[in-house]
Asker: 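Once you've had a glance at the structure underneath, I'll fire off some questions.
Not measured: the values here are computed from a predicted model.
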There are 2 protein chains.
Amino acid sequence: MAQPQHGTVRNRLLKAVSPDDFARLAPHLEAQPIKLRQVVITPNEPISHACFIEEGLCSIISHTAEGRLEIGTVGYDGFVGTPLALGTNRTPHASLVQAEGTMLCIPAAAFRAALDESATLRGVLVRYVQSLIVQVGQTVYANADLNIEGRLARWILMIHDRLQKDEMPLTHDFMALMLGVRRPGVTTSVHILEGAGLIKAMRGRVRVLDRERLMELAGDTYGVAEAEYERLLAEA
Amino acid sequence: MAQPQHGTVRNRLLKAVSPDDFARLAPHLEAQPIKLRQVVITPNEPISHACFIEEGLCSIISHTAEGRLEIGTVGYDGFVGTPLALGTNRTPHASLVQAEGTMLCIPAAAFRAALDESATLRGVLVRYVQSLIVQVGQTVYANADLNIEGRLARWILMIHDRLQKDEMPLTHDFMALMLGVRRPGVTTSVHILEGAGLIKAMRGRVRVLDRERLMELAGDTYGVAEAEYERLLAEA
DNA sequence: GTTGGTTAGTGCGCTATCGCACCAAAATTT
DNA sequence: AAATTTTGGTGCGATAGCGCACTAACCAAC
């Protein structure tokens with residue numbers, strides 16, 4: 001398998017690291033397709049790889065006996081396996097694939113070795129973790145303050161950002177799971193958003209029509225984390 | 001001001017670091033009292049210090065135009081200023097004091113220098129960040145799945161752990177703010193918990209009577225993050 | 001083209017929680 | 001002792017979302 005080139009990767013973190021740091025990672029990076037619903041990280045089991053997403057989408061899931069719920073979303077803006085950058089190799093959270101694509105995976109040991117060697121690499125990756133914390137914090141806030149429409153709007157925006165396609169593969173059932181609400185609740189809210197002309201819904205797919213007004217609905221639960229990501233990526 | 005001694009600090013992270021790492025931090029650590037409602041970290045402003053809590057309690061708050069809401073709790077188990085350990089000096093989240101006490105504060109520059117020098121110190125502190133992420137994740141889950149009683153039970157348990165006193169200074173108003181619910185909603189739930197003999201409520205104070213049954217009420221929103229903290233602290 | 005599975009739409013009673021508004025008691029100040 | 005502030009208690013109509021259950025499209029495979 002050919003090594004990925006710094007110039008051609010799509011992942012924003014890999015693009016952001018210095019050529020030296022990229023060179024540290026590249027020999028170990030292996031492209032891997034990700035398939036719908038595939039579990040990338042199993043709760044409480046050793047994380048074998050850190051995976052930089054090139055295309056597609058993963059969800060971080062709080063996963064307990066009684067239910068599951070998305071707490072964060074990762075796309076080509078980040079990587080799955082943040083615990084490896086935080087000094088441990090497991091986590092009670094699951095990560096699973098929400099939209100197909102590919103990712104570049106590096107074995108845990110090589111990843112941690114690279115991090116130990118390079119402070120600048122470490123910097124980029126832990127700043128990403130910080131942006132993820134902000135994202136999760138906004139999720140807490142959204143779940144508390146918004147009705148289903150609002151939360152759906154926020155969530156669609158976040159997916160839209162990370163897939164960069166107006167049409168996204170989303171079933172009501174899956175959205176209900178992610179938002180932690182009943183499936184018929186999603187159906188109703190989808191209709192409202194559709195009636196207002198913000199989205200177009202088709203079987204298994206949603207098309208974004210009006211980002212502006214989706215953002216209005218999401219209020220300040222959308223935007224803070226996104227701005228923070230950009231700011232952190234720009235920091236040296 | 002006398003430097004704190006490794007043997008006498010109460011903060012669990014400071015206790016957990018190696019003598020060498022403690023020696024790195026100690027010359028810069030300054031004890032500081034924390035007062036009720038004091039803002040330790042102002043959103044989007046440079047964080048001047050990392051503060052290891054010795055006694056008392058801080059809340060991390062998601063703070064927006066329309067409302068505020070607790071997303072995490074820090075006591076003698078951790079430190080305030082995690083963004084400094086994640087390569088940045090600001091965050092959109094606020095941190096404010098929920099219960100009086102003292103903390104040991106180290107200036108940001110010295111803190112980051114120490115982190116750059118010592119991989120082991122870094123390890124302890126970023127593992128704490130990981131435990132905090134799990135905590136926030138559980139908060140998402142609790143807010144989605146539990147009624148007010150359950151959330152209140154979880155929250156009281158978390159405060160109880162961090163204050164290590166059965167009687168805790170908590171007004172209904174403040175609990176409502178932290179949980180993101182109406183104040184009268186808290187009043188009702190406090191009565192229910194009190195009626196069931198789980199707590200005793202007094203003006204401005206709550207006394208824990210029955211942890212076991214509080215844990216039942218909180219279900220698996222309580223315990224996961226706590227176990228993860230212990231596991232991570234124990235990791236070399 | 002029929003079968004079977006997946007996805008979406010609908011109805012209905014129930015309940016937790018909200019929003020708003022007001023009162024009561026305790027603590028603090030003067 | 002009176003006044004003010006802080007904190008806690010209560011009531012009530014409105015409503016968002018739930019649980020449960022069933023129907024209806026759409027899709028794929030045989």
Side-chain angles (χ1 to χ4, degrees), chain A residues 35-37 66-69 98-100 140-156 167-196 199-207 217-219 221, chain B residues 35-37 66-69 98-100 140-156 167-196 199-207 217-219 221:
Chain A
K35 285 171 210 152
L36 212 56
R37 312 292 186 263
E66 284 140 39
R68 12 195 272 179
L69 182 56
Q98 207 180 97
E100 304 199 337
V140 176
Y141 184 62
N143 287 354
D145 268 37
L146 293 183
N147 58 15
I148 299 186
E149 281 111 86
R151 279 195 266 167
L152 191 57
R154 169 175 186 260
W155 193 73
I156 288 173
E167 199 163 312
M168 310 175 295
L170 299 174
T171 68
H172 292 189
D173 214 20
F174 194 62
M175 295 187 259
L177 179 63
M178 292 302 109
L179 297 179
V181 299
R182 279 180 328 140
R183 204 264 311 148
V186 170
T187 302
T188 312
S189 293
V190 165
H191 289 169
I192 294 173
L193 296 191
E194 192 168 20
I199 60 172
K200 167 127 182 61
M202 291 141 294
R203 190 189 178 79
R205 284 167 302 152
V206 168
R207 166 180 288 271
L217 260 188
T221 65
Chain B
K35 285 170 210 153
L36 213 55
R37 312 291 186 264
E66 284 140 38
R68 10 196 271 177
L69 182 56
Q98 207 180 97
E100 304 198 337
V140 177
Y141 184 62
N143 287 354
D145 268 36
L146 293 183
N147 58 16
I148 300 186
E149 280 113 84
R151 280 195 266 167
L152 191 57
R154 168 175 187 259
W155 193 73
I156 288 173
E167 200 163 312
M168 310 175 293
L170 299 173
T171 68
H172 292 189
D173 215 20
F174 193 62
M175 294 188 259
L177 179 63
M178 291 303 108
L179 297 180
V181 299
R182 281 178 328 140
R183 205 264 310 148
V186 170
T187 302
T188 311
S189 293
V190 165
H191 289 170
I192 294 172
L193 296 191
E194 192 168 20
I199 60 172
K200 168 131 182 61
M202 293 141 293
R203 189 187 179 78
R205 286 168 301 153
V206 168
R207 167 181 287 272
L217 260 188
T221 64

Asker: Touch check for B:Gly185, heavy atoms < 4.0 angstrom, all strands: base, sugar-phosphate only, or nothing?
Answerer: nothing

Asker: In whole angstrom, what separates B:Lys200's NZ from D:dG8's P?
Answerer: 13 Å

Asker: Looking for any heavy atom pair under 4.0 Å, which part of the strands does A:Val181 touch: base, sugar-phosphate only, or nothing?
Answerer: sugar-phosphate

Asker: Whole angstroms only, please: what is the CD1-C1' distance between A:Ile148 and C:dC18?
Answerer: 16 Å

Asker: For the pair B:Arg154 (side chain) and B:Ala142 (backbone), establish whether a donor and an acceptor sit closer than 3.5 Å, ignoring hydrogens and angles.
Answerer: no

Asker: I'd like to check A:Leu152 versus A:Val181 (side-chain heavy atoms, cut-off strictly below 4.5 Å). Are they in contact?
Answerer: no

Asker: With the side chain counted from C-beta on, respond yes when A:Met175 and A:His172 share a heavy-atom pair under 4.5 Å apart, and no when they do not.
Answerer: yes

Asker: Are B:Met168 and B:Ile156 packed together at the side-chain level, in the sense that at least one heavy-atom pair is separated by less than 4.5 angstrom?
Answerer: yes

Asker: Would you mind reading off the distance between B:Asp145 atom CG and C:dT17 atom P, rounded to a whole angstrom?
Answerer: 12 Å

Asker: Side chain of B:Thr187, heavy atoms from C-beta onward: which of D:dC18, D:dT10, C:dG19 has the nearest atom to it?
Answerer: D:dT10

Asker: If you check the A:Asn147 side chain, which of C:dA8, D:dG17, D:dG8 turns out closest?
Answerer: D:dG17

Asker: Could you check which of D:dG17, C:dA16, C:dA21 has an atom nearest any side-chain atom of B:Pro184?
Answerer: C:dA21

Asker: Check if the side chain of B:Arg203 and the base of D:dT6 share a donor-acceptor pair of N or O atoms closer than 3.5 Å.
Answerer: yes

Asker: Would you say the side chain of B:Val190 lies within less than 4.5 Å of the side chain of B:Val206, judging by non-hydrogen atoms?
Answerer: no

Asker: In whole Å, what is the span from the NE2 atom of B:His191 to the C1' atom of C:dA24?
Answerer: 13 Å

Asker: Rounded to the Å, how far apart are A:Leu170 CG and C:dA8 C1'?
Answerer: 14 Å

Asker: With nearest nucleotides of DNA chain D determined for B:Arg182 and B:Thr171 from heavy-atom distances, which residue corresponds to the more 5′ nucleotide?
Answerer: B:Thr171

Asker: Whole angstrom is fine here: how far is it from CD1 in A:Ile192 over to P in C:dG9?
Answerer: 13 Å

Asker: Ignoring hydrogens and angles, are the base of C:dG19 and the side chain of B:Arg183 linked by a donor-acceptor pair under 3.5 Å?
Answerer: no

Asker: Measure CG/B:Leu152 against C1'/D:dG8 and give the value in whole Å, please.
Answerer: 14 Å

Asker: Expressed as a whole number of angstroms, how long is the span from B:Leu146:CG to D:dG17:C1'?
Answerer: 16 Å

